[in-house]
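Have a look at the structure below before the remarks.
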Amino acid sequence: MRIGPYQLDNQVILAPMAGVTDQPFRQLCYSKGAGLTVSEMLSSNPKVWKTGKSRQRMDHSGELGVRAVQIAGSEPSLMAEAAKVNVDMGAQIIDINMGCPAKKVNKKMAGSALMQYPELVEEILTAVVSAVDVPVTLKTRTGWDREHKNGIEIARIAERCGIQSLALHGRTRACMYKGEAEYDTIRAVKKAISIPVIANGDIRTPQQAKDVLAYTGADAIMIGRGAQGNPWLFREISHYLETGEELAPPPIAEVAETTINHVEQLHSFYGSFQGVRIARKHVGWYLKEQASNDEFRQVFNRLEDASEQLQALEDYFVTVEKR
């Protein structure tokens, strides 16, 4: 799949997820086979750009792969300025968030709330595309609620405004993340526009990925929650799409090495205090994927020291490997 001048290595993309797709996780997923990774969303409000959180999200130093940065907001001029600032900081693709269903985002008339206002959508997309000389992409949902599914209308606006690819989550805003994603709307959108379409929602196995691509005709798939604790999913899906063969699960030695290295990177990127706390949720996801050990997780979540976390993980995986 191609986005502007960028030819992706494969059809499997890491979705932007707030509080998850920071630089350490993006680089991990890229190393495990993601064809593209997208950053956590950044606010278009310049008042928050100098905060520690925003500076970390805008840091792309040494980052491998195409650097795609997602921005969120509701004012066309601020969105355009945010796009320019992030390109200056190293972004090679600007992605616009019109898919986040969170109340704190929607009450600011950002994220999926924008789908209620197609004219404003067009103003934002036009402003951002005109402001930068890198590809601009869009992530959205099927509509505001089941009675107001306007995914096709928004997709046509996007194409008309110069958006170069569209990622579509198979739920409305009202659905949040409940129930099952539907792919009929994604299929209809793919037929309605000529720019690349990326299918997103509930894709957790190589077979699901193949089925969704076949049914929707989408150009690629986007993996979100399925990658939490399971970054190997990218290579497994890519291999299956290329060969029709399923890869064996990663050996426990690789799981141990990946988990420990990830935690080390979190400590390094965020510093010991914040890194220790962020590591807890990632380790919880790894343990859940590898047959959850609630007792060890409870012990791990009480650790306050970075070196203690790493030693605990090493000891835990030694015990697991001996079983």
Side-chain angles (χ1 to χ4, degrees), residues 9-10 12-15 17-35 37 39-40 56 59 61-65 203-209 223-240 243 245-323:
D9 292 337
N10 57 50
V12 194
I13 298 171
L14 172 66
M17 293 178 283
V20 180
T21 55
D22 53 18
Q23 190 185 82
F25 191 68
R26 294 196 304 274
Q27 291 295 271
L28 171 59
C29 291
Y30 182 77
S31 73
K32 299 299 183 184
T37 64
S39 76
E40 305 171 82
Q56 285 171 329
D59 180 4
S61 56
E63 195 162 333
L64 301 175
I203 301 170
R204 296 179 179 273
T205 69
Q207 185 62 58
Q208 285 177 321
I223 306 296
R225 291 172 292 167
Q228 295 174 354
N230 187 19
W232 303 275
L233 184 58
F234 295 98
R235 76 181 183 198
E236 291 170 358
I237 290 175
S238 181
H239 182 81
Y240 187 74
T243 68
E245 300 173 350
E246 292 189 7
L247 288 176
I252 193 63
E254 183 181 356
V255 174
E257 180 182 22
T258 299
T259 304
I260 293 169
N261 286 346
H262 187 185
V263 171
E264 288 178 329
Q265 290 302 310
L266 291 171
H267 294 163
S268 175
F269 187 74
Y270 289 105
S272 295
F273 181 81
Q274 189 180 6
V276 162
R277 283 146 185 81
I278 292 173
R280 291 169 181 163
K281 64 183 175 186
H282 285 281
V283 169
W285 289 329
Y286 283 117
L287 294 176
K288 183 178 179 180
E289 287 293 325
Q290 302 299 320
S292 180
N293 185 313
D294 290 335
E295 183 178 351
F296 173 75
R297 184 166 56 195
Q298 290 170 12
V299 170
F300 186 85
N301 286 346
R302 289 194 294 269
L303 298 176
E304 297 285 345
D305 181 79
S307 61
E308 288 180 355
Q309 280 193 337
L310 294 172
Q311 187 61 56
L313 286 169
E314 290 180 8
D315 293 343
Y316 170 74
F317 281 113
V318 167
T319 300
V320 172
E321 289 188 67
K322 289 181 177 178
R323 290 175 184 169

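Quick caveat: nothing in here was measured; it's all calculated off a predicted structure.
- The minimum heavy-atom distance linking Ala253 with Glu321 is given by the pair CB-OE1, 4.2 Å.
- A donor atom on one side chain and an acceptor atom on the other are not found under 3.5 Å apart for Asp305 and Gln309.
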| query | Given the rule in the side-chain contact (heavy atoms from CB on, under 4.5 Å) test, do Tyr30 and Arg26 qualify, once you have shown the distances and angles that lead to the verdict? | reply | CA-CA 6 Å; Tyr30 182 77; Arg26 294 196 304 274; over 6 Å; no

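- Summarising the geometry, atom OG belonging to Ser39 is positioned 10.0 Å from atom CG belonging to Leu14; distances are rounded to the nearest 0.5 Å.
- A side-chain N or O of Asp22 and one of Tyr270 form a donor-acceptor pair less than 3.5 Å apart.
- Look at Arg235 and Glu246 and you find no salt bridge, because none of the NZ, NE, NH1 or NH2 atoms lies under 4.0 Å from a carboxylate O.
- Residues Ile223 and Ile13 have side chains not in contact (no heavy-atom distance under 4.5 Å, counting atoms from C-beta outward).
- For Arg277 and Glu304, the salt-bridge test passes: some basic side-chain N is under 4.0 Å from an acidic carboxylate O.
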| request: Dump the intermediate steps for side-chain contact (heavy atoms from CB on, under 4.5 Å) on Leu310 and Ile260, then the final yes or no. | output: CA-CA 6 Å; Leu310 294 172; Ile260 293 169; 4.1 Å; yes

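- Glu236 and Pro249 make their closest contact through OE2-CA, 4.3 Å (heavy atoms, listed as atom of the first residue, atom of the second, distance).
- Put simply, CD on Gln274 and CG on Leu266 are 10.0 Å apart, with the number rounded to the nearest 0.5 Å.
- Using cut-offs of 30° and 60° on the angle between ring planes, the pair Phe296 and Phe300 is tilted.
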| request: Go through the steps to decide whether Cys29 and Phe25 satisfy the test side-chain contact (heavy atoms from CB on, under 4.5 Å), and finish with yes or no. | output: CA-CA 6 Å; Cys29 291; Phe25 191 68; 3.5 Å; yes

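- Nearest approach of Gly226 to Arg204, heavy atoms of both residues: CA-NH1, 3.6 Å.
- Side-chain N or O atoms of Gln208 include one that pairs as donor or acceptor with a backbone N or O of Thr205 at under 3.5 Å.
- Inter-residue side-chain proximity for Tyr286 and Thr258 is flagged as met; some heavy-atom pair is nearer than 4.5 Å.
- With values rounded to the nearest 0.5 angstrom, Asn230 atom CG is found 10.5 Å from Lys32 atom NZ.
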| request: Assess whether side-chain contact (heavy atoms from CB on, under 4.5 Å) is satisfied between His282 and Gln228, documenting all intermediate values. | output: CA-CA 7 Å; His282 285 281; Gln228 295 174 354; over 6 Å; no

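- Inter-residue side-chain proximity for Val255 and Trp232 is flagged as met; some heavy-atom pair is nearer than 4.5 Å.
- Between Ala15 and Gly224 the shortest heavy-atom distance is CB-CA, 3.9 Å.
- Residues Met17 and Glu40 fail the side-chain proximity criterion, which asks for heavy atoms closer than 4.5 Å.
- A donor atom on one side chain and an acceptor atom on the other are found under 3.5 Å apart for Tyr240 and Gln207.
- In this structure, OG1 in Thr259 is found 12.0 Å from CD in Glu314, a value given to the nearest 0.5 Å.
- For Thr319, there are no side-chain hydrogen bond (donor to acceptor under 3.5 Å, both in side chains) partners two or more places apart in sequence or in a different chain.
- In this structure, CG on Leu313 lies 11.5 Å from NE2 on His262, to the nearest 0.5 angstrom.
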| request: Determine, stepwise, if the pair Asp294 / Gln298 fulfils side chain to side chain donor-acceptor pair (under 3.5 Å). | output: CA-CA 6 Å; Asp294 290 335; Gln298 290 170 12; 5.8 Å; no

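- The two atoms that bring Ala312 and Leu303 nearest to each other are CB-CD1, 3.7 Å, heavy atoms only.
- With rounding to the nearest 0.5 Å, the separation of CD in Glu308 from CG in Asp315 is 11.5 Å.
- Counting only distance, with no hydrogens or angles, the side chain of Asn10 and the backbone of Gly33 share a donor-acceptor pair below 3.5 Å.
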